[in-house]
A.B. asks: 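After the structure tokens below, expect a handful of questions from me.
Worth knowing before you read on, the calculation uses all heavy atoms, side chains too, and leaves out hydrogens, waters and symmetry mates. All ligand and atom numbering here is 1-based and tracks the order in the structure.
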Amino acid sequence: VAAVVGVTSPEHDVVVVGGSLAGCAAATMFARRGLSVAVVERQPRADAYKTICTHYIQGSATPTIERLGLRDAILAAGGVENAVSLWTRYGWIAPAADARARHGYSIRRTKLDPIVRDMAAGTGGVELMQGLRATSLVVARGRITGVRVRAGDRSERELTGRLVVAADGRASELAAMAKVPGLRTPNRRFAYWSYFRGLPTIPGPVAGTGQLWFLDPHVAYALPNDDGLMLVAFWGLRKDLDSYRGDVDRAVRARIAELPDGPALEQATQEGAWLGRLEMPNVYRLPAHRGMALIGDAALSTDPLWGCGCGWALQSAEWLVQETADALAAGRDVRPALRRYQLRHARELLAHHLMICDYSTGRRMRPPERLLFAAAARDATVASTVHAFAARTVPVGKLLSPMTMGRAAITLALPALRRPAATVLDISRRRERLAPR
Ligand SMILES: Cc1cc2nc3c(=O)[nH]c(=O)nc-3n(C[C@H](O)[C@H](O)[C@H](O)COP(=O)(O)OP(=O)(O)OC[C@H]3O[C@@H](n4cnc5c(N)ncnc54)[C@H](O)[C@@H]3O)c2cc1C
């Protein structure tokens, strides 16, 4: 880590390292508040994108996506408004109208990343510098005031700002250089996924939604995406990895074939190989440290099984801008604003993250979770709360509140009090009927 005492005033108001979802969202919103922003992205190509992602963006991020003005571009590129039906051993829990209204978006990162980067590059006040890697920190009087960056030709320069933002993802190099305190917990699941065209759809209330199977402890999904593609994923336990290593295609197809009402992969065309991620620990880092802010995966990389990372990357970028932009614009000390951001980040996400970490141990569902799913498969009110929670539009406290748990218990004990779910559908064995003659 280079320690250079800055003697000149910073070149930029904000220096963002990482030009992906979090970094470009923050840069755009800072610049809209009249601030000058440098974004440093090590990928040189304008069409670079993250390959390791199943890109189901939860409904929690929809307001941020709309405020960024990304909705039309996502839909124009073929992205879809998403919703998911949950299979549990108690039946399907399909999203009713209220849950569908809390939709997010699904769109492959091949399309999403360039859209988000174009948005930032086209915003006055943002200087997007691709092909530059941040290699060390500039520190003045103990505070991080900039980064030293290196280009492909090995030339180096320094970029200084009144605020440095680490948006450099799960393996954040900036966090490592700044020794940001964090908490890392193991994730005992792995994932394989691929894309399919021409999958027969399941009729009834679950039609047109994605499907997620809680096989307890395994999980699988089939998620509609842009260009009519279906992303099919399987999440297994790392202790069983040996049985996948020899022939991933055969092993994953065998698991998908076992899914109740599952996708008939043999009737569809696979586009591209199976992609996989075998190790993905949960990492929480303090979102503000020595004057530097962390957003997106740099601050929190939670188990991707729940599809929260893209949405939280955009949302945490917005929280940072909302908390710090006024102080930066007024030339005030930004540290109190960073403390507010840190608290807000924790208030919004920490309980979700801790619950996700607990499930990523590969454990089976606990009695309260089974109670909620059993009730949600029978009662529309509980189903609505479960869907809102899955979309991360309500806090953990709402899911586990005495009101929700009480309603779930009463629903199971007293069927007469159920609000019957038009959302509940028994479609077992319909798959055979879908097979072409
Ligand atoms: C298997 C898997 C599946 C997932 N599925 C989903 C899903 O369905 N839904 C969902 O919401 N999330 C999902 N995620 C999580 C999601 O991919 C991330 O949360 C999201 O990409 C975070 O965005 P980000 O901008 O914070 O970081 P990233 O997208 O990782 O971007 C970081 C950027 O920083 C750049 N960078 C890094 N270091 C430097 C440096 N030193 N100098 C310059 N640039 C640098 C990188 O090139 C990159 O462009 C998944 C993740 C995994 C692993």
A.B. asks: Taking Arg340 for the side chain and Glu323 for the main chain, is one N or O donor matched with an acceptor at less than 3.5 Å?
C.D. replies: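 Confirmed, Arg340 side chain pairs with Glu323 backbone.
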
A.B. asks: Without swapping roles, check the side chain of Arg42 against the backbone of Leu132 for a donor-acceptor pair under 3.5 Å.
C.D. replies: no

A.B. asks: Does Glu369 come within less than 4.0 Å of Arg363, counting only side-chain N to carboxylate O?
C.D. replies: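 Answer for the salt bridge query: yes.
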
A.B. asks: Got a salt bridge between Arg108 and Asp227, using NZ or NE/NH1/NH2 to carboxylate O under 4.0 Å?
C.D. replies: yes

A.B. asks: One line per pair, note the atom names and distance for all nitrogen or oxygen contacts under 3.5 Å between ligand 1 and the protein.
C.D. replies:
unit_1	atom_1	unit_2	atom_2	d
ligand 1	5 (N)	Thr54	N	2.9
ligand 1	5 (N)	Thr54	OG1	2.8
ligand 1	8 (O)	Thr54	OG1	2.5
ligand 1	8 (O)	His55	N	3.1
ligand 1	8 (O)	Tyr56	N	3.0
ligand 1	9 (N)	Tyr56	N	3.4
ligand 1	9 (N)	Tyr56	O	2.9
ligand 1	11 (O)	Tyr56	O	3.4
ligand 1	11 (O)	Gly307	O	3.3
ligand 1	11 (O)	Gly309	N	3.2
ligand 1	11 (O)	Cys310	N	2.7
ligand 1	12 (N)	Gly309	N	3.4
ligand 1	12 (N)	Cys310	N	3.2
ligand 1	17 (O)	Lys50	NZ	3.0
ligand 1	17 (O)	Arg109	NH1	3.4
ligand 1	19 (O)	Asp297	OD1	2.6
ligand 1	19 (O)	Asp297	OD2	3.3
ligand 1	19 (O)	Gly309	O	3.3
ligand 1	21 (O)	Arg109	NH1	2.9
ligand 1	21 (O)	Arg109	NH2	3.3
ligand 1	25 (O)	Leu21	N	3.2
ligand 1	25 (O)	Ala22	N	2.9
ligand 1	26 (O)	Asp297	N	2.9
ligand 1	29 (O)	Ser20	OG	2.7
ligand 1	29 (O)	Arg109	NH2	3.2
ligand 1	31 (O)	Ser20	OG	3.4
ligand 1	38 (N)	Arg42	NH1	3.4
ligand 1	41 (N)	Ala134	O	3.2
ligand 1	41 (N)	Glu173	OE1	2.8
ligand 1	42 (N)	Ala134	N	3.0
ligand 1	44 (N)	Arg42	N	3.1
ligand 1	47 (O)	Glu41	OE2	2.6
ligand 1	47 (O)	Arg42	NE	3.2
ligand 1	49 (O)	Glu41	OE1	2.7
ligand 1	49 (O)	Glu41	OE2	3.2

A.B. asks: State, without any angle test, whether His55 and Asn225 hold a side-chain donor-acceptor pair at a distance under 3.5 Å.
C.D. replies: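 Yes, Asn225 and His55 have a side-chain donor paired with an acceptor closer than 3.5 Å.
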
A.B. asks: For Ile107, is there any backbone N or O sitting under 3.5 Å from a side-chain donor or acceptor partner on Asp226?
C.D. replies: no

